[in-house]
2 protein chains.
Amino acid sequence: MTDLVATYYFRPKEGVDPKWAANAIAEEQTTGTWTSISTGTKYMQYLDGRVESLEKEGSGYICEVSYPADIFETGNIPQYLSVVAGNLFGLSKIAAVRLLDIDIPKLLVPFHGPRFGIEGIREIIGTTQSGRPHVGTIIKPKVGLNPKDTAEVAYQAAIGGVDLIKDDETLTNQPFCLMEDRIPRVMERLDQVADDTGRTVLYAVNISTSGDRIAERAEQAVELGANMVMVDAIVCGLDAVRVVAEDTRNRVPIHVHRTMHGAITRNREHGIAMRPYCRFIRMLGGDQLHTGTVSGKMDHDANELIKDNMALTETFYGLKDTFPVASGGLHPGGVWSELQTLGTDLVLQAGGGIHGHPRGTAAGAMAMRQAVDAFMEDIPLEVYAQTHEELQIALATWGRS
Amino acid sequence: MTDLVATYYFRPKEGVDPKWAANAIAEEQTTGTWTSISTGTKYMQYLDGRVESLEKEGSGYICEVSYPADIFETGNIPQYLSVVAGNLFGLSKIAAVRLLDIDIPKLLVPFHGPRFGIEGIREIIGTTQSGRPHVGTIIKPKVGLNPKDTAEVAYQAAIGGVDLIKDDETLTNQPFCLMEDRIPRVMERLDQVADDTGRTVLYAVNISTSGDRIAERAEQAVELGANMVMVDAIVCGLDAVRVVAEDTRNRVPIHVHRTMHGAITRNREHGIAMRPYCRFIRMLGGDQLHTGTVSGKMDHDANELIKDNMALTETFYGLKDTFPVASGGLHPGGVWSELQTLGTDLVLQAGGGIHGHPRGTAAGAMAMRQAVDAFMEDIPLEVYAQTHEELQIALATWGRS
């Protein structure tokens with residue numbers, strides 16, 4: 001295969017022939033325009049997009065469009081996007097169009113993918129044998145804590161049992177919590193946890209900034225002691241992930257967050273589904289990626305989510321797997337459904353669902369881990385809760401979902 | 001004013017109190033989360049978001065939310081986006097939410113804005129006195145022409161009278177039309193036009209690539225002779241515009257294209273309107289920006305478009321104006337409505353509407369310029385066409401719109 005095949009859902013406006021509409025997409029994104037022109041040449045026909053299939057789906061249609069590999073500039077992600085997800089969204093004769101998936105030929109994947117992946121992160125945490133899901137937390141409140149209090153929250157979560165702590169997406173390097181103060185303080189407390197318990201806890205420092213500065217910021221974070229970095233791929237531009245992944249000075253896994261994605265992914269009829277983002281982030285080198293929860297506060301579609309996570313772990317030109325992260329309104333009462341639906345190669349990330357525990361952050365982290373243990377031992381949550389107080393309190397507070 | 005004020009449209013799900021929903025946005029984007037938590041502190045309350053107003057609008061509501069300047073990392077655009085356009089799009093109790101506009105305090109604008117702006121570009125082209133709109137074209141077919149044929153199309157358009165020629169968004173630096181071959185060939189032909197007619201024609205070379213490589217590519221383009229560069233801001237990441245604008249080696253205006261924006265801007269109830277993008281691109285240094293047409297092939301809302309263009313030209317902390325570009329299915333028959341609605345500080349860009357002219361590209365360019373002249377002399381298009389054959393043919397081909 002040397003074509004890139006993109007799958008779209010679309011709904012033509014009334015009276016517009018769906019075949020015409022599918023062709024309009026294929027042409028707008030390759031060699032065509034809205035009127036016949038005088039400047040075309042025969043030698044360029046090998047670059048034409050082609051509609052490979054067209055089927056009715058709900059109130060619209062699903063079509064597959066193939067784009068010849070030659071139309072792409074190898075390795076230029078913004079250019080890839082301009083072909084598969086460019087002007088087509090504005091075509092006035094098509095009421096709505098959504099990019100559902102992409103199938104990329106190997107020659108357009110000149111990337112090394114995740115450096116760590118699921119296996120590499122499991123090795124760091126020590127869960128290669130058990131295969132249990134990881135538990136993570138977001139430091140809350142999202143912003144405003146000073147470095148000392150940030151470190152204290154991190155410590156409480158770590159001592160309670162989380163494997164991963166991350167900055168929230170709006171915390172980067174503001175004066176009230178500078179990286180140079182925050183990272184050493186957090187890492188000092190996490191080292192203390194390592195000394196006391198033998199457990200390594202990852203701290204994903206949010207290095208999100210523009211593509212020309214992010215490599216330097218990653219390096220700074222690692223020099224300050226960070227053992228993971230976080231990149232918010234949509235606001236930074238997807239390729240920021242690659243910039244960090246390819247920087248040989250960076251020797252820590254990359255946690256990829258996706259704030260703003262809801263503006264693009266949420267509408268079922270228009271925009272871009274999460275699946276293409278999963279494929280892009282994996283090839284660009286994201287070691288972890290947020291894909292959503294089945295039980296949380298954020299809008300979701302369980303079937304899409306299952307397939308999104310599969311896109312992170314199925315065979316893909318020998319690239320390592322990306323660890324899917326379930327996050328957003330998660331709490332111990334939701335753990336069972338997450339694991340049952342999404343499997344145990346999963347990071348269960350709870351912010352409010354840990355720090356909102358009536359007994360505090362450490363108890364909240366314990367409750368999350370207890371919920372995970374219950375699932376792994378196949379003991380119903382309520383039964384397990386009878387002998388695990390933190391879980392019991394969590395279930396009494398938030399119920400099951 | 002030291003707060004950033006964001007205006008949102010939203011539609012809460014049935015049974016959800018709109019006040020609750022507006023507060024949920026303000027909290028999710030600042031110091032809050034979905035449940036009460038134990039780790040908050042009093043000293044951070046100065047970072048709380050506040051709902052400043054809430055009014056019924058259509059089937060939803062419009063609210064203004066103020067974010068304290070301190071919550072932002074000055075100059076970090078991805079971080080700005082994570083606050084004003086972050087997780088809020090996914091909140092499951094809000095059916096739809098759209099960021100309509102942002103009002104940014106001066107201290108969050110540490111950018112120099114456009115280096116040329118409307119005035120600077122008018123000086124290059126020589127239209128400071130006349131104040132006429134500029135006419136531009138996109139080289140068509142979008143991709144596939146070899147450098148020689150690309151230069152020939154550019155020449156025909158230039159000799160016909162366009163002020164600006166741009167690459168299409170999917171053409172960057174593919175082997176079939178490498179920059180190092182394309183730019184010198186195009187510029188050679190444009191120099192010929194300058195020798196013959198005394199007119200300078202801009203060639204916006206599409207340098208779109210990731211943030212870590214784009215400055216180098218801009219430099220390469222300029223060294224090869226380009227007198228303008230084009231950045232596709234959404235697929236590159238908005239901040240790519242700043243990277244090029246701030247690079248002191250870059251001494252040419254920046255033409256900003258916005259492919260993929262339809263995935264985000266098109267839905268009237270959900271996503272991000274064009275207005276915030278206008279403000280961002282202007283402060284980041286875009287000298288020209290595509291905002292849409294009132295008569296073309298792309299979906300649009302004339303009232304929004306008028307205000308979008310205003311955002312590019314109204315007083316804004318002393319920054320220069322950004323030249324709005326009307327593009328997408330434009331042809332001579334649409335020129336009058338564009339200028340009447342959007343004013344004459346406008347770049348009228350036609351691709352198919354020039355190259356699709358039955359007598360070819362040069363005639364198409366002449367027809368566009370004739371339509372502009374008719375408007376500037378206040379002579380009805382049809383009357384002007386009686387003595388201008390190219391315009392007459394264009395109107396006969398595409399009609400008026």
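Per chain, numbering begins at 1; letters A, B, ... match sequence-line order.
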Within the distance-only criterion (no hydrogens, no angle test), does the side chain of A/Thr259 pair as donor or acceptor with the backbone N or O of B/Asn87 below 3.5 angstrom? yes
Would you confirm whether A/Gln174, through its side chain, and A/Thr170, through its main-chain N or O, come within 3.5 Å as a donor-acceptor pair? yes
Any side-chain heavy-atom pair from [X] and [Y] closer than 4.5 angstrom?
X	Y	value
B/Tyr277	B/His261	no
B/Arg217	B/Ser208	no
A/Gln349	A/Leu330	no
A/Glu246	A/Phe111	yes
B/Arg359	B/Ile393	yes

Residue part contacting chain B, namely of [X], when any heavy atom lies under 4.5 Å:
X	result
A/Tyr46	side chain
A/Glu216	neither
A/Ala157	neither
A/Arg258	neither

Among [options], residue most engaged with chain A (heavy-atom pairs, under 4.5 Å):
options	value
B/Ile264, B/Thr265, B/Asn173	B/Asn173
B/His270, B/His257, B/Glu152	B/His270
B/Asp149, B/Asp232, B/Asn267, B/Ile272	B/Asp149

Looking only at heavy atoms and a cut-off of under 4.5 Å, which of [options] has the most pairs with chain B?
options	result
A/Asp239, A/Asn76, A/Leu47	A/Asn76
A/Gly86, A/Gly271, A/Gly237	A/Gly86
A/Thr209, A/Leu171, A/Leu81	A/Thr209
A/Leu238, A/Ile94, A/Thr74, A/Asn206	A/Ile94

Which residues pass the side chain to side chain donor-acceptor pair (under 3.5 Å) test with B/Asn146, sequence neighbours left out? A/Tyr43
Part of B/Arg98 lying under 4.5 Å from any heavy atom of chain A: neither
What part of B/Ala95 lies closer than 4.5 angstrom to a heavy atom of chain A: side chain, backbone, both or neither? backbone
Is any NZ, NE, NH1 or NH2 atom of the basic residue among A/Asp212 and B/Arg242 found under 4.0 Å from an Asp or Glu carboxylate oxygen of the other? yes
